[in-house]
Number of protein chains: 2
Amino acid sequence: MNKDKKSRLQDVAKHAGVSMMTVSRVLNQNGMVSEKTKTKVQAKLKELNYQPNVSARRLASNKSFFLGLLYDNPSASYVSQFLLSSLKLCRDCGYHLVVDEVDKSLTKNLESVAELINITQVDGLILLPPVCDIAEILETLMAANIPFVRVSPNAQLNVSPYVCMDDYQAAFEITEQLIQQGHVNIAHIIGHPDVGASRLRYQGFLDALRSNKINIPPEYIEQGFFTYKSGLSATQKLLSLNNRPSAIFASNDDMAAAAISAAHMKNIPVPTALSVVGFDDTLLASTVWPHISTVRQPIKEMAKVAVELLVSGKFDDPANLKRSDLRHVLDFEIIQRESSTGIS
Amino acid sequence: MNKDKKSRLQDVAKHAGVSMMTVSRVLNQNGMVSEKTKTKVQAKLKELNYQPNVSARRLASNKSFFLGLLYDNPSASYVSQFLLSSLKLCRDCGYHLVVDEVDKSLTKNLESVAELINITQVDGLILLPPVCDIAEILETLMAANIPFVRVSPNAQLNVSPYVCMDDYQAAFEITEQLIQQGHVNIAHIIGHPDVGASRLRYQGFLDALRSNKINIPPEYIEQGFFTYKSGLSATQKLLSLNNRPSAIFASNDDMAAAAISAAHMKNIPVPTALSVVGFDDTLLASTVWPHISTVRQPIKEMAKVAVELLVSGKFDDPANLKRSDLRHVLDFEIIQRESSTGIS
DNA sequence: GCACAAAATGATAGCGTTAACATTTAACTT
DNA sequence: AAGTTAAATGTTAACGCTATCATTTTGTGC
């Protein structure tokens, strides 16, 4: 297309009749430029279609303009949704995203984190659950003085900025909705034990039952791992009980999808004979039939908060780490679809 | 962890008693180093745990060590699977991946491609279908002299390296399998018209029917768009026909999942009253019930070929562009699951 | 109008690497 | 052994930007 060479800071400076530093300052918004020259320079920037050379910038400023995303989440739909959102957000603010899956074993974990830091020199990291609760990783990052934002963390909440939603409350409400629809025999498939949200959701579930004076037998609680497969075997156990539940609350959509599959296998119609609700509202929830009633988790918004926090550099100074405006609790939404219904 | 500063080329050179250039040459493998010094330097590299500074390298070499991935694919499961594979592969060879979704409108398309090239200065691009067949984009890239690999392209096959599989043959075989299972009334939901593979799969389907002397009414052909939603309405039409098909071959898994949903809505049991087969073998295929019989598309392998081609720099010289070893046709596999079965 | 501070701008020196060319060393020839 | 060529290594100057400090301009109070 345009055959002219990429214009450099120097070119812009020459055209605008100022020094390179002034142009640099305009670009980096760190003040100390008069309005007049600022507008002049900005005009030239546009005119020459200037695009900063990321590498030169990195080299000179010793910032990498890279963010890292660490995950080890069993729910593929959750990860990829978070990933895609983050990628776009990063691009919008001139950053790049380096994605890494951390290994199961702890030693390998630390290695790969160290490697990520070393090789790509990320300016900050986003930690998805359950990585965000691995104490050793947090320590490594703090020692290396690398800012990080945790997504839906479970413990050590005062350690770093984080973004989450009220998993407990959401679980409470979606359970209560099942109760209001007349369900009494409600089972729950717990999420991955390493993920803090699992426990919160479970607790919300229990408390909703309790506050409605509903007792369920212990067999109604199954441990899952956020995977389709684990949901499948959990549901199979639930559905072969003598006193079969009339509703299942799975701790994420993947397992809810599995619950529906398991019901189909046993010829139990959903939702007429069995209601199923999930959690997350990933794409999957509306790609299986029946579409899954679920809690919409604001994944995209969470990614946004995380990226913006890191880019803002608000907490480069460790002293700021305790500030409360670095902790974000976002809203959820209960979404009623075809997989759950009132009892007849 | 390690508190010592990152070691630089200079440090390694000093320790090894050679010049920086020699170290650089060892790193970049471009020959002209004696075995003896090579081993000596490599030992020091390891000893000092040297990690090259990507930015400095980029700046000096005028290479970016970035690859771009351009997509506009309606099938989320396909994209995210390709994406995750590519990300890992890139990291393994010291590259980073910049992902971009191209816009629907052509003008915006070109803009965003130009922007991608300008801003990130990618060394090469991977184009997923249907982006890989937008002539204007190809022209832009060629004019800018940026290497690119196309995935499952449709036309202009001699223009660039590509990787694909035999969509026609796969469609032929999976259709024939349905026929062998006794199906005669087989419907097809065509994929997105912009994606070349759609046509090939459709053709394979038609030819399988023809070679088995099976005629189907024109109503058995529905146009879809690779999305769940489009598959849903297509199947709804098919299932309300008087002469309902006994099997549906959807051009991808998302639409096959929709076909199953639509059948459920109408209380048509799958596979006993309706067999459904898909295409791609994305995660989705084994996350819905019944699990979808499908064609396994070697997505990961395709990503691998694409990344390796670009990294190898084999076709930096345009003269090489016609070489046949830059065109890869990978193997597929027919996967029989629970969504299709013999007719009784 | 003068001293003085504060704001705005400029000059210079890297950041860590590779390209391009210069030089040295080794390896053959005759 | 001198001459020639090739292989191995070294030197220097970018690459495009920002940090740091130096300098100029502007504004303020008396």
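Throughout, protein chains are lettered first and strands after them, A, B, ... in sequence-line order, and every chain is numbered starting at 1.
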When you compare the protein's N or O atoms with those of nucleotides 15-19 of chain D, which come within less than 3.5 Å of each other, and at what distance?
residue : atom : partner  : partner atom : Å
dC15(D) : O2   : Ala60(B) : N            : 3.3
dG16(D) : N2   : Ala56(A) : O            : 3.4
dC17(D) : OP1  : Tyr50(A) : OH           : 2.2
dC17(D) : OP1  : Asn53(A) : N            : 3.4
dC17(D) : OP2  : Leu9(A)  : N            : 2.6
dT18(D) : OP1  : Asn28(A) : ND2          : 3.1
dT18(D) : OP1  : Arg57(A) : NE           : 3.3
dT18(D) : OP2  : Ser24(A) : OG           : 2.6

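Residues passing the side-chain hydrogen bond (donor to acceptor under 3.5 Å, both in side chains) test with Lys304(A), sequence neighbours excluded: none.
At least one test fails for Arg8(A) against the ring of Tyr50(A): distance under 6.0 Å to the centre or angle within 45° of the axis.
Residues Leu127(A) and Leu125(A) meet the side-chain proximity criterion, which asks for heavy atoms closer than 4.5 Å. Residues Tyr95(B) and Val311(B) form a side-chain contact, since some pair of their non-hydrogen atoms from C-beta on lies under 4.5 Å apart. In this structure the side chain of Val151(A) never reaches within 4.5 angstrom of the side chain of Cys164(A), judged on heavy atoms. Contact annotation: the side chain of Asp123(A) never approaches that of Leu310(A) to less than 4.5 Å [non-hydrogen atoms, C-beta and beyond].
Rounded to 10°, the helix from dG1(C)-dC30(D) to dT30(C)-dA1(D) has 30° between the axis fitted to its first five pairs and the one fitted to its last five.
Applying the 4.0 Å criterion to OP1 and OP2 of dA8(D), one finds that Thr37(B) has every side-chain N and O outside that range. Put simply, Thr22(A) has a side-chain N or O that comes within less than 4.0 Å of OP1 or OP2 on dG10(C).
A salt bridge links Arg150(B) with Asp133(B): at least one charged nitrogen is closer than 4.0 Å to a carboxylate oxygen.
Here the straight-line distance linking atom NZ of Lys14(B) with atom CG of Leu9(B) works out to 12.0 Å at 0.5 Å rounding.
If you measure from atom NZ of Lys63(B) to atom P of dA14(D), you get 23 Å, rounded to the nearest angstrom.
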